[in-house]
Each structure stands twice: as C-alpha cells, then as structure tokens.
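Only heavy atoms go into these numbers, but all of them, side chains included; no hydrogens, no water, no symmetry mates.
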Amino acid sequence: QLQLVESGGGLVQPGGSLRLSCAASGFTLDYYAIGWFRQAPGKEREGVSCISSSGGRTNYADSVKGRFTISRDSAKNTVYLQMNSLKPEDTAVYYCARRYYYCSGELGYDFWGQGTQVTVSS
C-alpha cells in the first residue's frame, strides 16, 4: 500500500520549534522530490518547501526562508521539515507530497499525505 504519513505537528508557542516528518511506505522516496505544503482555514494551499530526489536542490517560500529547513534521510525513507522561530501565521495543516525527481513548479504532485496540524499560539 502506498502511503505518505506526516507526523510531528502540535501546539507550540511563538518562537518555538517543531520538526515534521514525512514517512513513505510502499515505495522508495529515492526517486521523488518531496514538497511540503500548508493550508490554513479560509486560505489557499501554499507551497512551503521542496527537496529534490537527490537532496541536491531545495527551495523555500519567502515567508519561511531562514526559519525552515528541509532534509531527507534515505535510510529511513523519510523527509523532514525543521521549523524554527515559528510565528502564528505558520498555523496550518501541513502536507507532504511526492513529485518525480525535481521540484519545478507546484504541479505534478501525484500522491499526498493526510496532513498534520501545526498550531502556533501563546
């Protein structure tokens, strides 16, 4: 069974940190770029970050540059999103999704996880 499962979300105070995980089952992530997306209530889904299949290329939305770091661990078949200096506007459901090899654009993601809630509040 093909699965992408996000974990690591929760409630954190402004300025705090969380590390999200995107664990794959039923296929290897080695052939896929993995993107992180988020959607807050009443807002459009937005791309947050992406890492190429090799890990050699990464990109970030301007709103998270310098605060978030994407990485991957082939041995664990998992991609991570380290989120530091969290702000209330980071509150959203965070999703990971796969795309063959490259991060170009926000189209072509063919398989998605169910999401994990991140809430940043004092």
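- Between the side chain of R98 and the backbone N or O of L4, no donor-acceptor pair lies under 3.5 Å.
- Nearest approach of N84 to S17, heavy atoms of both residues: OD1-OG, 2.9 Å.
- No path of Ile, Leu, Val, Met, Phe, Trp and Tyr side chains, each step under 4.5 Å between heavy atoms, connects Y109 with V79, placing them in separate hydrophobic clusters.
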Verdict with supporting geometry, S53 and Y31, side chain to side chain contact (heavy atoms under 4.5 Å, CB included): CA-CA 5 Å; S53 61; Y31 306 115; 5.7 Å; no
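- Note: the hydrophobic cluster containing I70 does not contain V93 (ILVMFWY, side chain heavy atoms under 4.5 Å, direct or indirect links).
- Of the residues listed (Y95, W112, Y94), the one engaging F37 in a ring pair (Phe, Tyr, Trp, His ring centres under 6.0 Å) is W112, and it is the only one.
- No donor-acceptor distance shorter than 3.5 angstrom exists from the side chain of S21 to the backbone of Y80, with no hydrogens or angles considered.
- Note: Q114 CD to S7 OG = 12.5 Å, rounded to the nearest 0.5 Å.
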Criterion side chain to side chain contact (heavy atoms under 4.5 Å, CB included) on Q13 and V120, from CA distance to verdict: CA-CA 5 Å; Q13 294 185 353; V120 185; over 6 Å; no
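- Between Y32 and F27, the two ring planes are perpendicular [angle over 60°; tilted spans 30° to 60°].
- A donor-acceptor distance shorter than 3.5 angstrom exists from the side chain of S49 to the backbone of N59, with no hydrogens or angles considered.
- Annotation for P14 and S122: closest pair CD-N, 3.7 Å, computed over non-hydrogen atoms.
- A donor-acceptor pair shorter than 3.5 Å cannot be found between the side chains of D73 and T78.
- Judged by distance alone, the side chain of S52 and the main-chain N or O of R57 form a donor-acceptor pair under 3.5 Å.
- Taken from CD in E6 to CD in Q117, the straight-line distance is 12.0 Å, to the nearest 0.5 Å.
- Note that CD of Q82 is 8.0 Å distant from OG of S71, once rounded to the nearest 0.5 Å.
- Contact detail for K65 and D62: the closest heavy-atom pair is NZ-OD1, 3.1 Å.
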Verify side chain to side chain contact (heavy atoms under 4.5 Å, CB included) between Y60 and V48, making sure each step is shown before the conclusion. CA-CA 6 Å; Y60 300 91; V48 176; over 6 Å; no
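- With hydrogens and angles ignored, the 3.5 Å screen pairs a side-chain donor or acceptor of R72 with a backbone N or O of L29.
- Salt bridge absent: D90 and K87 never bring a charged side-chain N and a carboxylate O closer than 4.0 Å.
- The SG atom of C50 sits 11.5 Å away from the CG atom of L81 when rounded to the nearest 0.5 Å.
- For the side-chain contact (heavy atoms from CB on, under 4.5 Å) criterion with S121, the lone passing option out of L11, L86, V12, T91 is L11.
- Atoms CD1 and SG, from I51 and C96 in turn, are 12.5 Å apart once rounded to the nearest 0.5 Å.
- Atom CD1 of residue I34 and atom CZ of residue R99 lie 11.5 Å apart, to the nearest 0.5 angstrom.
- More than 12 heavy atoms of other shown residues, nucleotides or ligands fall within 6.0 angstrom of atom CD in E46.
- Summarising the geometry of C22 relative to W36, their closest heavy-atom pair is CB-CZ2, 3.5 Å, with the distance given to 0.1 Å.
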